[in-house]
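Following: one structure in structure tokens, then a few remarks.
Numbering of residues begins at 1 and proceeds along the displayed sequence.
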Amino acid sequence: MTGMTFGEAAMELLAAYEVDTVFGMAGTMTLELYRGIARTGIRHVQCRNEQGASLMADGYARATGKPGVCTIIGGPGVTNASTGIAQAYCDSQPMLVLSGATATGTHGKGWGAIHELDDQQAVTKGITALSAMVRHPEEFPEWVARAYALFGGTRPRPVHLSLPRDILAMPVATAWKRRRAPSRPMPDPAFIGEAAVRLAQARHPLIFVGGGAVGTRAALTGIAERIGAPVLSSNAGKGILPNSHSLSLGCSVLQAASRRALAEADVVLLVGSEIAAGDHFLPQLEIKGEIIRIDIDPHELSSQYAAAIPIQADAGAALRALADALAQRTPAATRIEGEARVRKILAANDAALTDLEKLHLRVWQILRAALPDDTIIMGDMTQIVYTGCFAMPMEVERCWYYSGNYCALGVALPMAIGAKIGAPHRPVIAVAGDGGLMFTVNELATAAEEGLALPVVVWNNDALNAIVEGMDLQKIPRIGVEPRSPDFLKLAESLGCHATRPAGADQLSLAIRAALTADRPTLIEIRQDAPWLKS
């Protein structure tokens with residue numbers, strides 16, 4: 001590595017951490033990073049806006065399980081990217097953001113340097129696990145090691161490293177090596193034993209799993225079957241227990257009957273989830289029973305859903321230990337009783353569907369039949385996706401993504417691009433509303449340049465309909481909620497994509513299947529007022 005600039009050495013180090021792709025936009029202050037990208041052969045995906053870069057990095061992380069990386073300029077690049085960074089923070093996704101920064105001699109001076117932020121480190125402090133200004137090249141390996149320790153050893157969240165333009169060109173004399181990440185925390189045997197006693201005694205147990213429980217299917221299934229517990233999931237937990245399992249309630253926490261079941265359970269095993277409002281749209285869910293909580297983040301164990309038995313540990317290790325402990329006990333509840341509870345709850349949920357949800361359900365049924373089980377679905381903030389939380393069944397984990405916590409419009413398309421680039425062997429689809437798509441529609445050009453076989457389904461009702469309904473309910477005039485939509489087909493075609501508006505269920509199914517193998521993205525517009533949806 002002797003003779004390299006800091007920018008080159010930085011990318012060499014990231015290559016040692018198995019970084020193979022970065023998303024970003026070059027700028028004059030980050031040129032040396034791009035010299036390093038060229039030197040290492042790391043793939044660079046050029047976005048149209050730094051918001052797209054951070055959201056693509058988020059999508060890449062979700063699809064691969066590896067940190068997504070974006071390279072951006074300081075100042076406006078950082079503020080543009082902040083939406084994607086904040087979303088990854090809320091959803092516990094690993095992301096490494098390398099940004100430029102003004103020269104070190106300008107910091108805090110207020111001289112008006114190009115791309116100046118008075119305190120860039122502070123700008124992202126609240127939306128990252130770590131935000132640091134690198135003052136000298138030799139600091140970089142330690143900051144990167146800290147980042148990967150956070151990604152692998154605790155609740156993963158973004159890390160932002162600001163790299164001043166003057167130090168990026170400095171020479172690096174010694175080779176930098178990758179450092180090992182720490183192991184994850186293991187469960188306390190005494191707490192596991194106590195949890196097993198409470199669960200075995202429960203007459204109406206229920207399990208709630210979130211994204212922190214990904215990878216625990218075998219142990220989770222064994223526990224649920226052993227104690228006869230229905231299993232409810234957050235959006236991030238969809239598919240950990242397949243929807244087809246007789247104890248699965250899926251991600252139906254938005255529905256009243258499932259919420260009642262959660263409230264009436266005498267013991268709730270809560271694994272790897274903060275039960276955030278984005279999953280249920282309420283200030284707080286009612287949980288009357290005792291909570292046994294497993295989470296790698298100690299802050300969650302003392303949050304609004306206080307745990308009678310708080311277990312800080314890796315979810316997989318904790319559930320395996322709990323399954324072993326339960327095997328030595330005879331539970332009070334049975335699997336047959338649990339399955340009967342599930343059937344009753346799901347029937348009540350189905351009976352309560354609204355007319356609009358029934359339209360959404362029809363679309364999801366068509367999509368489910370047309371898509372392979374391992375398809376990654378990136379959902380935007382739109383009513384059809386809200387319905388999809390409970391209406392789109394999942395047999396495989398890490399396939400359904402919808403960031404209801406941060407709830408930013410326009411995220412689905414760039415996230416789907418990042419996911420498809422990270423997992424090119426898997427089908428990926430984006431589902432967005434007409435309003436949301438317009439936030440990031442420019443990234444269709446990125447997807448077209450990359451030649452991605454990516455269906456982009458647009459649910460068009462010519463409105464921000466959830467807000468319209470709120471205004472109508474509260475007798476507020478409709479102001480700023482019915483923007484005029486463009487001709488989405490022509491817009492998509494002008495950006496290098498295929499585009500179609502199916503006139504029936506069969507045409508929608510064919511369009512989806514064709515888009516999965518096309519030579520470029522395909523925008524598929526579905527109008528909410530289409531007659532075929534009601535036929």
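Between the side chains of Glu225 and His245, at least one donor N or O sits under 3.5 Å from an acceptor N or O. For the residue pair Ser246 and Glu339, a side-chain donor N or O sits within less than 3.5 Å of a side-chain acceptor on the partner. Side-chain contact check for Gln120 and Ser162: at least one donor-acceptor pair (N or O, by modelled atom type) lies under 3.5 Å. Inspection of the Gln383 and Asn465 side chains reveals an N or O donor paired with an N or O acceptor under 3.5 Å.
At a threshold of 4.5 Å between non-hydrogen side-chain atoms, the residues Ile275 and His280 count as touching. Side-chain contact check for Ile421 versus Arg43: some heavy-atom pair is nearer than 4.5 Å. Here the side chains of Thr446 and Met56 are in contact, with some heavy-atom distance below 4.5 Å. Counting only heavy atoms from C-beta outward, the side chains of Arg368 and Asp373 approach each other to under 4.5 Å. Between Met95 and Val159 there is no side-chain heavy-atom pair separated by less than 4.5 Å. His160 has its side chain within reach of Val78: a pair of non-hydrogen atoms, C-beta onward, lies under 4.5 Å apart. Two residues are said to be in side-chain contact when any heavy atoms from C-beta on lie closer than 4.5 Å; Arg335 and Arg226 fail this criterion. Side chains of Glu290 and Val268 form no contact here, defined as non-hydrogen atoms less than 4.5 Å apart.
The aromatic rings of Phe281 and Tyr386 sit perpendicular, their planes meeting at an angle over 60°, well past the 30° parallel limit.
In this structure a side-chain-to-backbone donor-acceptor pair under 3.5 Å is present from Glu443 to Asn49. Although no hydrogens or angles enter the test, the distance criterion places no donor-acceptor pair under 3.5 Å between the side chain of Asp380 and the main chain of Thr382. For the pair Asp266 (side chain) and His204 (backbone), a donor-acceptor distance under 3.5 Å is present. The backbone N or O of Gly410 lies less than 3.5 Å from a partner atom in the side chain of Thr440, making a donor-acceptor pair. Judged purely by atom type and a 3.5 angstrom limit, Lys238 uses its side chain to pair as donor or acceptor with the backbone of Cys389. Remark: side-chain polar atoms of Arg198 are not paired, donor with acceptor, to backbone N or O of Val267 under 3.5 angstrom. Between the side chain of Arg157 and the backbone N or O of Ser92, no donor-acceptor pair lies under 3.5 Å. A donor-acceptor distance shorter than 3.5 angstrom exists from the side chain of Thr354 to the backbone of Glu357, with no hydrogens or angles considered. A donor-acceptor pair under 3.5 Å is absent between the side-chain atoms of Glu300 and the main chain of Asp297, judged by distance alone. Looking at Asn243, its side chain does come within 3.5 Å of a backbone N or O of Met394 through a donor-acceptor pair.
In summary, the aromatic rings of Trp364 and Trp400 are positioned with their centroids under 6.0 Å apart.
Classification of Asp91 and Arg62 as a salt-bridged pair holds, one side-chain N sitting under 4.0 Å from a carboxylate O. Taking the charged nitrogens against the carboxylate oxygens, Arg341 and Glu337 have no contact shorter than 4.0 Å, which rules out a salt bridge. Look at Arg155 and Glu274 and you find a salt bridge, because one of the NZ, NE, NH1 or NH2 atoms lies within 4.0 Å of a carboxylate O, short of that distance. Between Glu286 and Arg260, none of the side-chain N atoms (NZ, or NE/NH1/NH2) sits under 4.0 Å from a carboxylate O, so this pair counts as no salt bridge. Note on Asp20 versus Lys66: salt bridge recorded, some NZ/NE/NH1/NH2 to OD/OE distance being below 4.0 Å.
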Before you tell me yes or no, could you show the steps for Trp143 and Val134 under side chain to side chain contact (heavy atoms under 4.5 Å, CB included), namely the whole-Å CA-CA distance, both residues' side-chain angles and the distance that decides it to 0.1 Å?
CA-CA 8 Å; Trp143 287 123; Val134 180; 3.9 Å; yes
Under the criterion side chain to side chain donor-acceptor pair (under 3.5 Å), I'd like the reasoning laid out for Glu395 against Ser244: C-alpha separation, chi angles, the key distance, then a yes or no.
CA-CA 7 Å; Glu395 296 298 297; Ser244 59; 2.6 Å; yes
Decide yes or no on side chain to side chain donor-acceptor pair (under 3.5 Å) for Arg259 and Ser252, but give the supporting numbers first.
CA-CA 8 Å; Arg259 292 201 297 267; Ser252 58; over 6 Å; no
Steps toward side chain to side chain contact (heavy atoms under 4.5 Å, CB included) verdict (Leu199, Leu322)
CA-CA 10 Å; Leu199 288 168; Leu322 185 56; 3.7 Å; yes
Side chain to side chain donor-acceptor pair (under 3.5 Å) for Asn349 and Ser258? Distances and angles first, verdict last.
CA-CA 7 Å; Asn349 285 337; Ser258 293; 3.0 Å; yes
Does the side chain to side chain contact (heavy atoms under 4.5 Å, CB included) test come out yes or no for Arg513 and Leu371, once each step is laid out?
CA-CA 7 Å; Arg513 295 174 193 273; Leu371 296 169; over 6 Å; no
Do Val197 and Arg329 pass the side chain to side chain contact (heavy atoms under 4.5 Å, CB included) test, and can you show the C-alpha distance, the side-chain angles, and the key distance before you say yes or no?
CA-CA 8 Å; Val197 170; Arg329 299 186 172 276; 3.3 Å; yes
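Residue Ile85 comes nearest to Ile127 through the heavy atom pair CG2-O, 3.5 Å, listed as atom of the first residue, atom of the second, then distance. Here the shortest heavy-atom pairing between Thr154 and Arg184 reads O-NH1, 4.2 Å. When all heavy atoms of Gly84 and Asp58 are compared, the closest pair comes out as O-OD2, 4.4 Å. Pairing each heavy atom of Phe151 with each of Leu96, the nearest pair is CZ-N, 4.2 Å. Taking both residues in full, the closest heavy atoms of Ala129 and Leu150 are given as CB-CD1, 4.0 Å, listed atom of the first, atom of the second, then distance. Smallest separation of non-hydrogen atoms from Leu326 and Ala196: CD2-O, 3.5 Å.
Taken to the nearest 0.5 Å, the CG atom of Leu359 stands 11.0 Å off from the CG atom of Leu353. To the nearest 0.5 Å, atom CZ of residue Phe390 and atom OG of residue Ser233 are 13.0 Å apart. In this structure, CG on Asp279 lies 4.5 Å from CG on Asn235, to the nearest 0.5 angstrom. Residue Leu319 holds its CG atom at 4.5 Å from CD1 of Ile223, rounded to the nearest 0.5 Å. In this structure, CD1 on Ile309 lies 12.5 Å from CG on Leu270, to the nearest 0.5 angstrom.
Within a 6.0 Å sphere centred on CD of Glu18, heavy atoms belonging to other residues, nucleotides or ligands number 12 at most.
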